[in-house]
Amino acid sequence: MLTFQSPYLELLKDYINLRDVPFTERGSRLLVFRTNSHFAVRLAERWHKRDQRLSAYRNRPPIIDQWALTDEHGNSLDFELVTRPDCLEMKTTLGNFSMFFLDAETIMLLLPEGRSGISFVANLDIALPDRRGGILRLSGDIRRNVAYTTNAAIVKNEASALGPDAQHIGMVVDAHAGDALMLNITPRLGFNRYIPDPQAAAEAAARRWHDWFAAVPPVLEQYREKYYFAWWVMRAGLISTRYYTTREAMTPSKLHYVGIWQWDAYFHALAYRYIDKRLAQDQLRILLDHQQEDGLLPDAVHDEGIITHLNFPVDADVTKPPLVAWAAWKLYEYDGDSEFLNEIYEPIVRWNQWWFNKNDQDHNGLCEYAHPFSSGLDDSPLWDEGMPVESPDLNTYLCMQEETLGKIAQVIGEEEQAKKWFTHANDLAQRMLQNMWDEEAGLFWASRHHQRINVRTPFNLFPFMTGKMPTGVTQRLVNHLTDEKQFWPKFPVPSVALDDPKYDPEQMWRGPTWLNINYLLIEGLQNNGYGDIARSLRDKTLALINSGHKDIYEYYHPETGQNPPRAAAIFGWSSAIFIELAIQASQEQSLQAKKEVL
């Protein structure tokens, strides 16, 4: 019986539904799901060398399937399930089973007293039963190994081949109080078959989660439940170091995007800065670890390699929007760690140079996207007419990056370089105004080969975020943003204007609301003196996440607030932004309350 009690763990009781929210642990590649009375364990690994397709992991069979709790005759037991972040409790007619993580590669199952069993199918080709359980392996160059081990008295332990790559395991045991079964799933040759005190291990699992939640800033009661679930996502989504994954880092979604994507990492860092400075910084370092000689930062980092070039839908280098300096400065504003700025300054300078050296084909001082994925807006209608595209959002990011490089240069004592960066940022803002601004429409247009792309998105509004636009220009952009027929529905901001012919609220970047875009706009509004509008957008964004869903999704329908069917679940940057905005709103209310008392 588990004895450790935590209000945070109880608050998130049954949030882990084992359907689209798996049971997992910090750093782990193991994801536990449930179908009826069976469990399955999937691997959060790309495994490209075996599959030869980038996203095959989404449909790969579980490594452990049809995992059942059984009676002594091998019959599956029905159970009543209770989930918490630290454990799964299964109540059966034979007693209670408890499942928890011993470590990132090991699941422990606490057994009820008496005779019971387990059975499962392992999608591996070698089975070697022994006196404590057994070992299962996948032969060949790609190693995935499983060991199942128990300290209970084994009554039956049978392995039978179901085909060339599948083994059925059936085991029956006589268990005493405190006996357990361990499942170790690893790519390594060495197994963990040492069974520690199960009760102490269960308590340690609970304490790990409790300590994580206990360390985060408090928020208003209205946000608490979803806030702590967002922090669950931010811990559960971390994967351990392996090969090219040089740092412990956060996946956008352990279910849908296994790897580290560049601009996702920057938003993830915003949340981590409240709880672990090194973890926050490492979300940036992992991209800088793989910077190319010409300054390019990879689009993504995976265990088996990095992505810097793709031949679909066009053949070009691929990266992500230049927000690393912006993210680094947000970390510095919170922790004041100037040594980190010293560490990363020169890599960011090379990154900035890459954009202007490789992506200003017409030499007008404004950069283009050569690959649609480099924008992060993969299927936006901005790219429908082909590439390259000279886009307001990219040049806004570069202007913000150069302004931030100036601030960083000042902090690290490079005053002359700081002046240069501030001048460059001002010049870039003026070039956007001269080349992209349409006085009649009151918008900044994207263009291809100097021909306007006639689609209205929030990215047409982005230049106001630089803080360098004339007051009248900024006001007209804000007017567009707050127009209920364009960008201000019930749950703003749609990624294409509501009244644009290409608006599609179900299709990724062709209409849905994205929290990271809202966050950038909120910050831009705050920095330009539109505090009330910024507060309204913040509150609408919090309301979107805080009502109607238990999970936190990749993007949302801007009119209904529902998650479109292809939106990824347990999504990282949506969770990070909810955390950031909930803290901001809570601190603002606390400050206001103090003022009223005074």
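All values reported here derive from a predicted model rather than from experimental measurement. Note that these values count all heavy atoms, side chains included, but never hydrogens, waters or copies made by symmetry.
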Note to self: Please evaluate residues Trp209 and Leu9 with respect to the criterion side chain to side chain contact (heavy atoms under 4.5 Å, CB included), reporting the C-alpha separation (whole Å), side-chain torsions for both, the decisive distance (0.1 Å), and the verdict.
What the structure shows: CA-CA 8 Å; Trp209 278 104; Leu9 305 184; 3.7 Å; yes
Margin query: Between Tyr555 and Asn516, is there a side-chain heavy-atom distance shorter than 4.5 Å?
Written below: no
Checklist line | Leu220 to Ser586 - nearest heavy-atom pair and separation | finding: N-OG, 2.9 Å
Next item on the list: Determine whether the side chains of Thr186 and Asn145 contain a donor N or O and an acceptor N or O closer than 3.5 Å.
Entry: no
Checklist line | Geometric class of the Tyr8/Phe213 ring pair [parallel <30°, tilted 30-60°, perpendicular >60°] | finding: tilted
Notebook entry, point to check: Can you check whether Tyr228 and Trp232 have ring centres sitting under 6.0 Å from each other?
Noted result: no
Next item on the list: Report the C-alpha distance between His302 and Trp261 in whole Å, list the side-chain angles of each, state the deciding distance to 0.1 Å, and finish with yes or no for ring pair (Phe, Tyr, Trp, His ring centres under 6.0 Å).
Entry: CA-CA 9 Å; His302 308 295; Trp261 270 261; 5.1 Å; yes
Next item on the list: Indicate yes or no for a side-chain donor-acceptor contact from Ser240 to the backbone of Gly27 under 3.5 Å, with no hydrogens or angles considered.
Entry: yes
Next item on the list: Considering non-hydrogen atoms only, spot the tightest contact between Gln291 and Pro347 and give its length.
Entry: NE2-O, 2.9 Å
Next item on the list: May I ask you to test the Leu30-Leu183 pair for a side-chain heavy-atom distance under 4.5 Å?
Entry: no
Next item on the list: Would you please test Arg84 and Ile16 for side chain to side chain contact (heavy atoms under 4.5 Å, CB included) and show each step?
Entry: CA-CA 7 Å; Arg84 300 191 312 177; Ile16 299 168; over 6 Å; no
Margin query: Are Phe120 and Leu136 packed together at the side-chain level, in the sense that at least one heavy-atom pair is separated by less than 4.5 angstrom?
Written below: yes
Margin query: What I want to check is whether the side chains of Trp231 and Tyr227 have a donor and an acceptor closer together than 3.5 Å.
Written below: yes
Next item on the list: Give me the one residue out of Asn184, Asn192, Ile185 that meets side chain to side chain contact (heavy atoms under 4.5 Å, CB included) with Glu105.
Entry: Asn184
Next item on the list: Find the distance between OG1 (Thr92) and CZ (Phe97) and round it off to the nearest 0.5 Å.
Entry: 5.0 Å
Check: Quick one: do Glu333 and Arg273 make a salt bridge, cutoff under 4.0 Å?
Finding: no
Note to self: On a heavy-atom basis, which atom in Ala230 and which in Ile552 lie closest, and how many Å separate them?
What the structure shows: CB-CD1, 3.7 Å
Note to self: With rounding to the nearest 0.5 angstrom, report the CD1 to CD distance, Ile286 to Gln262.
What the structure shows: 12.0 Å
Notebook entry, point to check: Taking it one step at a time, do Asp289 and Arg285 satisfy salt bridge (Lys or Arg N to Asp or Glu O under 4.0 Å)?
Noted result: CA-CA 6 Å; Asp289 288 344; Arg285 287 188 179 106; over 6 Å; no
Next item on the list: Would you give the length of the straight line joining atom OH of Tyr266 to atom CG of Leu284, rounded to the nearest 0.5 angstrom?
Entry: 6.0 Å
Notebook entry, point to check: What closest approach, in Å, do Ala328 and Phe340 show between heavy atoms, and which atom pair accounts for it?
Noted result: CB-CE2, 4.4 Å
Note to self: Please identify which of these residues, Phe33, Phe23, Phe79, meets the ring-ring contact (aromatic ring centres under 6.0 Å, His included) condition with Phe39.
What the structure shows: Phe79
Notebook entry, point to check: How many angstroms lie between atom CG of Asn518 and atom OG of Ser495, to the nearest 0.5 angstrom?
Noted result: 10.0 Å
Notebook entry, point to check: Nearest 0.5 Å, what's the CG-OG distance between Asp86 and Ser6?
Noted result: 8.0 Å
Check: Backbone N or O of Phe571 within a donor-acceptor pair of the Ser253 side chain at under 3.5 Å?
Finding: no
Next item on the list: Using atom types as modelled and distance alone, determine if a side-chain donor or acceptor of Lys490 lies under 3.5 Å from a backbone N or O of Gly561.
Entry: no
Check: Can Tyr519 and Glu580 be counted as having a side-chain donor-acceptor contact under 3.5 angstrom?
Finding: yes
Checklist line | Note, Leu18 side chain near Leu88 side chain (heavy atom, < 4.5 Å) | finding: yes
Check: Going by heavy atoms in the side chains, are Asn17 and Lys550 under 4.5 Å from each other?
Finding: no
Next item on the list: Report yes if the side chains of Phe101 and Thr106 come closer than 4.5 Å at any heavy-atom pair, otherwise no.
Entry: no
Notebook entry, point to check: Under 3.5 Å, side chain of Gln283 to main-chain N/O of Ala269, donor-acceptor pair present?
Noted result: no
Checklist line | Gap between atom CD1 of Ile579 and atom NZ of Lys226 - 0.5 Å precision | finding: 12.0 Å
Item checked: Backbone of Asp179 reached by a side-chain donor or acceptor of Asn151 within 3.5 Å -> no
Note to self: Quick one, Ser37 and Met90 - any side-chain contact, counting heavy atoms below 4.5 Å?
What the structure shows: no
Item checked: Nearest non-hydrogen partners of Met250 and Gly572, listed with the distance -> CE-CA, 3.7 Å
Note to self: Does Tyr244 have more than 12 heavy atoms from other residues, nucleotides or ligands lying within 6.0 Å of its OH?
What the structure shows: no
Item checked: Asn36, CG atom: more than 12 neighbouring heavy atoms under 6.0 Å -> no
Check: When you look at Leu124 and Val146, which way does the side chain to side chain contact (heavy atoms under 4.5 Å, CB included) test go after all the steps?
Finding: CA-CA 9 Å; Leu124 303 169; Val146 175; 3.6 Å; yes
Note to self: Are more than 12 heavy atoms, taken from residues, nucleotides or ligands other than Gln589, located less than 6.0 Å from that residue's CD atom?
What the structure shows: no
Notebook entry, point to check: Trp326 and ring-ring contact (aromatic ring centres under 6.0 Å, His included): which partner among Phe267, Tyr332, Trp263?
Noted result: Phe267
Next item on the list: Using modelled atom types only, decide if a donor and an acceptor are shared between the side chain of Trp509 and the backbone of Gly376 within a distance under 3.5 Å.
Entry: yes
Note to self: What I'd like to find out is whether the side chain of Tyr556 reaches to under 4.5 Å of the side chain of Leu515, using heavy atoms alone.
What the structure shows: yes
Check: Under the side chain to side chain contact (heavy atoms under 4.5 Å, CB included) criterion, do Leu111 and Leu109 qualify, and how do the steps go?
Finding: CA-CA 6 Å; Leu111 303 169; Leu109 185 68; 4.1 Å; yes
Next item on the list: Inspect the surroundings of NZ in Lys13 and state if more than 12 heavy atoms from other residues, nucleotides or ligands are less than 6.0 Å away.
Entry: no
Check: Between Asn157 and Gly133, is there a donor-acceptor pair closer than 3.5 Å when you use the side chain of the first and the backbone of the second?
Finding: yes
Next item on the list: Spell out, as yes or no, whether a donor-acceptor pair under 3.5 Å connects the side chain of Asp14 to the backbone of Thr83.
Entry: yes
Check: Taking all atoms of both residues into account, what is the closest heavy-atom pair of Pro61 and Arg42, and its distance?
Finding: C-NH1, 4.1 Å
Item checked: Any donor-acceptor pair under 3.5 Å from Arg132 side chain to Arg193 backbone -> yes
Check: Are more than 12 heavy atoms from other residues, nucleotides or ligands located less than 6.0 Å from atom NZ of Lys91?
Finding: no
Note to self: I'd like to know if the side chain of Asp303 and the backbone of Thr245 have a donor-acceptor N/O pair within less than 3.5 Å.
What the structure shows: no
Note to self: I'd like to know if Asp539 and Arg535 make a salt bridge, using a cut-off of under 4.0 Å between side-chain N and carboxylate O.
What the structure shows: no
